Amino acid sequence: MIFCINSLFLGSKYTLNIKTMAHLRFNALNLVQNRKKVDIQAPSKRISDYFGEMAFGQEQMKSTLSPEVYKRVADAIKNRKKIDLDTADAIAAAVKNWALERGVTHYTHWFQPLTGATAEKHDSFFDPQKGLENFRAEELVQQEPDASSFPNGGIRSTFEARGYTAWDPGSPIFIYGKTLCIPTIFVAFTGEALDYKAPLLKALDAVDRASVKVCKLFDRNISKVNASLGWEQEYFLVDKALYAARPDLVMGGRTVFGHNPARGQQLDDHYFGSIPTRIYDYMKDYEIEAHRLGIPLMTRHNEVAPGQYEAAPMFGPVNESTDQNQLLKDVMDKVANKHGLKVLFHEKPFAGLNGSGKHNNWSLVTDTGVNLFQPSSSARDNLLFLTFFVTTIKAVYEHADLLRSSIASAGNDHRLGANEAPPAIISVFIGSTLSGVLDQLEKSGDVMVEKGDNLYMKLGIDQIPEIILDNTDRNRTSPFAFTGNKFEFRAVGSDTNVSFPMTVLNLIVAEQLSDFYSKVTKLIDGGKDRRLAIIDVLRDYIKTSKNIRFEGDGYSDEWVKEAEKRGLSNVKDTPRALDFSVSDQAVKLYEKHKVLTKIEIDARHEIKLENYIMKVQIESRVMADLGLNHIIPTATKYQTKLIENAKGLVDLGIDASEIKKTIEDVSTHINTVKKLSHEMTEERKRINKIEDTRERAIEYCDNIRNKYFDDLRYAVDKLELLVDDEDWPLVKYRELLFLR
Ligand code: ADP
Ligand code: MG
């Protein structure tokens, strides 16, 4: 394996003298020293000159389609309606010309299967039979990829159904390399969704419908509400050669061994520090690609851990922003290669350092341009703000477990509750100002109908200051925080496809808004004043959802105890967290809003469990392989040297007791590695025979991961400290993190 990785990543001229992993390590270190600066060329000095040039967005449509066709498309996009075949034909012709002019030869339906990545199958525009480039509505709108190799959680085997992809006009078509990519959903012929996008679109419709109903209690002119998303993507960068010399990173994206470097993140000097030149060049380069694709990247900076960074775009419609996140990850990976770098999206690539998350900033915006989470200086508007604000808190309270399950993954398990990321306990932070407002509203007695703004004054909601976005009002430890004019779902993992957490969040808010609407209208029908009815329901929501609100330090042990007293769940591992995704409550909710059917829910559950098992299994195998085949032989060789040395000392009559102690230590750790690796392998054999997927996943969690990983790592990391650096086979943390 060493040699194949070596020639793949390091270039053949280094192959000859590499016989051991230690050689591989030192060659990699040598390569890092000799990296050349990569030339970066933007198409123009101004981003606005090339922004979106590779995306067939509204502007391109407007300039290439007839006004009549454009109007129909724009209308279909706005209202998420189907596009008729004639319109699709006109678009197909325009897209084809646009693509051919840019040297594109192939097209693909681009979709998000349940693997969590994206998938594509390229077809040529060229039709050999006709001898010309061909692309019609049929090819644009629907395709049948050979879907047999995508995970379906048993759906297709049960139904003998094939899958097809269908165009999602809400997300722009784009050119990637020399391929035209058409964003699509992916469904079985029997109708079940086989991807992340289809349910997301349904949840967005649900939250739109429910929001509009509620908005109409305030403003009859509102006819559409869009959910917006702005993600903050964290990632690590390591040199490509160093990466290639770490089989654990290559296989599982995470280092399973590695002693903490003398200097980690304790100095706190990396965060917002100046960006190293090589990294800066890389960032500029992928930003150029992203901007050409219409991904509106705005910010870049260092993160807390050494080698960790963040990128964030301007927010946009959830489905578009979701696609952009998936696409950006791909762009970042490709561009990194050019710079001799490897980008790591794993939630916890390095022990002892912060992991990577992906904050999901989320808000609801009306077609009249109002952000429903923006407090206002107008008393009247504040009741609308409070309605959506309180209803969202109540939604999170009612469905905290489902929200927790939406971000569960083997990688994220290392992060949640690891004293550096939001805990696995879902809670909501709203800041002291708004806590005060809600407390007052809760305590205010029965109010009478009052004219104009008097009512709001009595309730203390006549003026809610526009929250100043300063750091004092920020609580970085909360998994779900209100940050001025949006909620920020922070517990999402860096590698997670945000479609699923966004599906769940929008769905639970849709449900709560429906509940709110029916309760309010009932009161109004019973003769109650509209505003008083709204306040009544809000007051009830505030009272009943109080337990989910937490303003303190989410990383503290006190919070864990307190949360338990409050009856909040704290499920730390994926197999158990996923139970919530198939609970009766969840199924009822999904089915009521027609977002997922029971069959689809079960299929997704199965896929996520399988995925968990695979990840832990791979890590476990890599650990045993490295331990037995590389660490032990290296340590044994070193031990032999020590023994010779000790004997020599004794021959000379010199005290050898210190060396002897070291030999004993090395022996102890070698024995531990050997014993645990063998035991763990036997355990895997036993567990693999378990038929039930959930049970198998739980066994992998409890009896592989939790039982062996820490102890194995401890022994290997101790050996790293004892064995001669020259012989050590694994690239060390200090090298991975600080060399660039
Ligand atoms: P932070 O201080 O948490 O880094 P930023 O102000 O940099 O916050 O914003 C982070 C992300 O939030 C960006 O992607 C930004 O576009 C997005 N964002 C800002 N306002 C909204 C909003 N109203 N709705 C959704 N996302 C938003
Ligand atoms: Mg943030």
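Atoms within a ligand are numbered from 1 in the order they appear, just like the ligands themselves. All figures in this text were calculated on a predicted structure; none of them were measured in a lab.
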> Any N or O of Glu310 that comes nearer than 3.5 Å to an N or O of ligand 1?
Replying inline: no
> For the ring pair Phe389 and Phe482, is the centre-to-centre distance below 6.0 Å?
Replying inline: yes
> Can you tell which part of Asn371 has a heavy atom less than 4.0 Å from ligand 1: side chain, backbone, both or neither?
Replying inline: side chain
> Which ligand 1 atoms are under 4.0 Å away from a heavy-atom of Met314?
Replying inline: 16 (O)
> Is the shortest N/O to N/O distance between Asn361 and ligand 1 below 3.5 Å?
Replying inline: yes
> Any sub-3.5 Å donor-acceptor pair from His291's side-chain atoms to Glu287's backbone N or O?
Replying inline: yes
> Backbone or side chain, does any N or O of Phe315 fall under 3.5 Å from an N or O of ligand 1?
Replying inline: yes
>> Taking side-chain contact (heavy atoms from CB on, under 4.5 Å) as the criterion, tell me which of Ile185, Thr503, Leu507 meets it with Pro199.
In response: Thr503
> Is it the side chain, the backbone, both or neither of Glu232 that has a heavy atom closer than 4.0 Å to ligand 1?
Replying inline: side chain
>> Go through it in stages, so that I can follow the logic: the residues are Thr544 and Lys394, the test is side chain to side chain donor-acceptor pair (under 3.5 Å), and I'd like the CA-CA distance, side-chain angles, deciding distance and then a yes or no.
In response: CA-CA 8 Å; Thr544 50; Lys394 173 79 168 165; 2.8 Å; yes
> Counting from 1, what ligand 1 atoms have a heavy atom of Pro313 closer than 4.0 Å?
Replying inline: 13 (C), 14 (O), 15 (C), 16 (O)
> Which one holds for His359 and ligand 1: side chain close, backbone close, both close, or neither close, with close meaning a heavy atom under 4.0 Å?
Replying inline: neither
> Which atom names give the shortest non-hydrogen contact between His346 and Gly253, and what distance separates them?
Replying inline: CB-O, 3.2 Å
> Hey, which atoms in ligand 1 end up nearer than 4.0 Å to a heavy atom of Asn485?
Replying inline: 23 (N)
>> Just to check, does Glu488 reach to within less than 4.0 Å of ligand 1 when the distance is taken from its heavy atoms?
In response: yes
> With a 6.0 Å cut-off on ring centres, are Phe480 and Phe429 close enough?
Replying inline: no
>> Are there over 12 heavy-atom neighbours, none belonging to Glu59, within less than 6.0 Å of that residue's CD?
In response: no
